[in-house]
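This report refers to the structure that appears directly beneath it.
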Amino acid sequence: MRTSSSRRGRRAAIAAVAVVVTGTTLLTGCGGDEDAGGKGGTSTRGAEKITLRIGTFGSFGYDNKTGAKLYAEYERLHPNIKIEESNVSDGQKYWDTLKLRLAQNSGVADIQAVEVGYIAEATGTAMANKWVDLGKEGGAKTSDFLDWKVKQATTADGKVIALGTDIGPMAICYNKDLFAKAKLPTAREEVAKLWAGDWAKFIETGEKYKAAAPAGTAFHDSASGLFNAVVSSDPVQYANTSGELDWENSPGVKKAWDTAVKAAQGGLTAKLRQFDEKGTWNAAFKNSKFATVACPSWMTGIIKDQAGPANQGKWDIATPPVAGNWGGSFLAVPKAGKHTKEAAELAAWLTAPEQHAKVFAVNGNIPSSKDTLASSTVQDAKLPYFGDTPVGKIFSSAAAGITPAVISRYDGQVKTFLTDNGILDIEQRGTDPAKAWENVKKLVDDKIDQ
């Protein structure tokens, strides 16, 4: 999943906090009680019926409305269980609220999603004992998952506190109609050649687009999104080789910052904040306001949902300038949950290879299970929304080139500061880049206790 500046990275691609209840009821709410996906409630003990609550962000693809209908399938297999999903729009707020609830041992959902930017914090000494060991409980086979994915969710004493949902191999999604109007090639192989091997070439393509752009459109959606794409393609991101936060000296952060600043100051972006709660970014998909978006595999589901039926067939997918992994998430079971045994079993089922394949077929989330990733189901897959695009081959090929970066417990927070408080200020307010950088440094110093 993922992922947002915190992302499947990810912030959810919906404008408000939505609580998706399996069946026909859709409830909406806002405020603190929803921010981490916990909603409380009781089970029907007399009939041995229980409700399992899942807190998520982004587009995990499990739901019964636009997803793979996995909740309905599990409920058919387990008539005593009802599943409710709470999905929130701000990934950083989700995590901050979840941490508070974990500290209080109260208010958590039975299953909580954890984005890769926060998994090092979740496995750290302060939080490691807050989770059920899913290597022992629930019946999951951890050997099914990519080795590096399991390692990310393993504590120092060997507990596996979360199971992988997806990974985020990256591509560039582009609007063929807008490319044609700007006199750029539209065939995905020719598009990929425009920027092959170098993010600087991506900027050059943006300048060509701008020179002939249809009125009211921009080359790229967001400088912050571009920052996330570039940093995700570098083996050195926010941490040093020892796992210590060292973002100021990171060549990956510097390259991403410089690239994003050039795009922002060059007028190549639509100046949008990805996953904004007002839904402006979502509406820009529908109204074709930008021609490209950095596109980890989970982004395909967002494009489908937000660009909508009227734009089906207009979007295509090309390989990125440099391969990378942006986002990907996990499911974890807090010990403070009401039904830890049943929750562990559901988490194991949702992240099993068979379910990974079903989610990919509907939502495009690239699975983190080895056999599914290598299967013909994924390798040969196409998503109806993208026509004949060989989605499976593009993303599975990108996945094969992933070299996981070392992550620190602060990666998610620092990334949010750099994008929402740094790049976005340059893009939307014209803040001097040196000043914006200093503002980020101050935020890190003030907010993060190293």
Side-chain angles (χ1 to χ4, degrees), residues 167-214 217-222 225-226 228-230 232-234 255 259 263 268-269 285 288 290-304 307 311-327 360-361 363-367 373-403:
I167 56 178
M170 204 161 50
I172 299 292
C173 290
Y174 65 99
N175 187 306
K176 293 183 289 187
D177 282 8
L178 293 183
F179 263 49
K181 291 175 181 177
K183 299 180 174 57
L184 291 175
T186 58
R188 68 187 71 92
E189 295 82 4
E190 295 302 312
V191 169
K193 289 177 183 178
L194 294 172
W195 50 63
D198 192 346
W199 285 105
K201 293 180 181 178
F202 186 75
I203 297 294
E204 291 171 4
T205 304
E207 291 166 347
K208 293 176 183 176
Y209 179 90
K210 182 182 176 183
T217 71
F219 175 64
H220 200 61
D221 67 320
S222 160
L226 181 58
N228 283 326
V230 178
S232 297
S233 68
D234 199 285
K255 183 190 300 180
T259 303
L268 305 184
T269 74
F285 275 109
S288 298
F290 52 83
T292 64
V293 59
C295 201
S297 51
W298 45 263
M299 188 69 79
T300 59
I302 292 171
I303 293 172
K304 170 177 65 74
N311 290 302
Q312 182 166 345
K314 293 182 180 180
W315 283 86
D316 208 332
I317 306 171
T319 53
V322 184
N325 185 78
W326 175 6
F360 174 76
N363 222 47
N365 296 15
I366 287 288
L373 187 58
S375 70
S376 58
T377 301
V378 171
Q379 296 284 331
D380 299 335
K382 296 178 181 178
L383 297 177
Y385 195 83
F386 293 86
D388 65 351
T389 303
V391 175
K393 284 185 171 59
I394 290 170
F395 284 117
S396 59
S397 176
I402 291 173
T403 302

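Start at 1 with the first residue, then count along the sequence.
- A donor-acceptor distance shorter than 3.5 angstrom exists from the side chain of Asn325 to the backbone of Gly168, with no hydrogens or angles considered.
- Here side-chain hydrogen bond (donor to acceptor under 3.5 Å, both in side chains) pairs that include residues 191-200, with residues two or more places apart or in two chains, are Glu190-Lys193, Trp199-Ser233.
- In this structure, the side-chain contact (heavy atoms from CB on, under 4.5 Å) partners of Ala381, at least two apart in sequence or on a different chain, are Phe360.
- For Leu383, the side-chain contact (heavy atoms from CB on, under 4.5 Å) criterion is met by Thr300, Phe386, Val391, not counting sequence neighbours.
- With hydrogens and angles ignored, the 3.5 Å screen pairs no side-chain donor or acceptor of Tyr385 with any backbone N or O of Gly301.
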Show me the side-chain donor-acceptor pairs of residues 175-184 shorter than 3.5 Å, one per line, residues at least two apart or across chains.
from, atom 1, to, atom 2, distance (Å)
Asn175, OD1, Asp177, N, 3.0
Asn175, OD1, Leu178, N, 3.1
Lys176, NZ, Gly313, O, 3.1

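- The side-chain hydrogen bond (donor to acceptor under 3.5 Å, both in side chains) test applied to Thr205 returns no partner, not counting sequence neighbours.
- For Lys208, the salt bridge (Lys or Arg N to Asp or Glu O under 4.0 Å) test picks out no residue, with sequence neighbours left out.
- Applying the side-chain hydrogen bond (donor to acceptor under 3.5 Å, both in side chains) rule to Asp221 yields the partners Gln274, Trp281; only residues at least two apart in sequence or on another chain are considered.
- With sequence neighbours excluded, no residue forms a side-chain contact (heavy atoms from CB on, under 4.5 Å) with Ala374.
- Looking at Pro320 and Ile172, their side chains come closer than 4.5 Å, going by heavy atoms from C-beta outward.
- For Tyr209, the ring pair (Phe, Tyr, Trp, His ring centres under 6.0 Å) partners at least two apart in sequence or on another chain are Phe219.
- Under the 30°/60° scheme for interplanar angles, the aromatic rings of Phe290 and Phe285 are found to stand perpendicular.
- By the side-chain contact (heavy atoms from CB on, under 4.5 Å) test, Gln379 pairs with Ser396, sequence neighbours left out.
- Identified under the salt bridge (charged side-chain N to carboxylate O under 4.0 Å, His left out) test for residues 375-397, with sequence neighbours left out: Arg188-Asp388, Asp380-Lys393.
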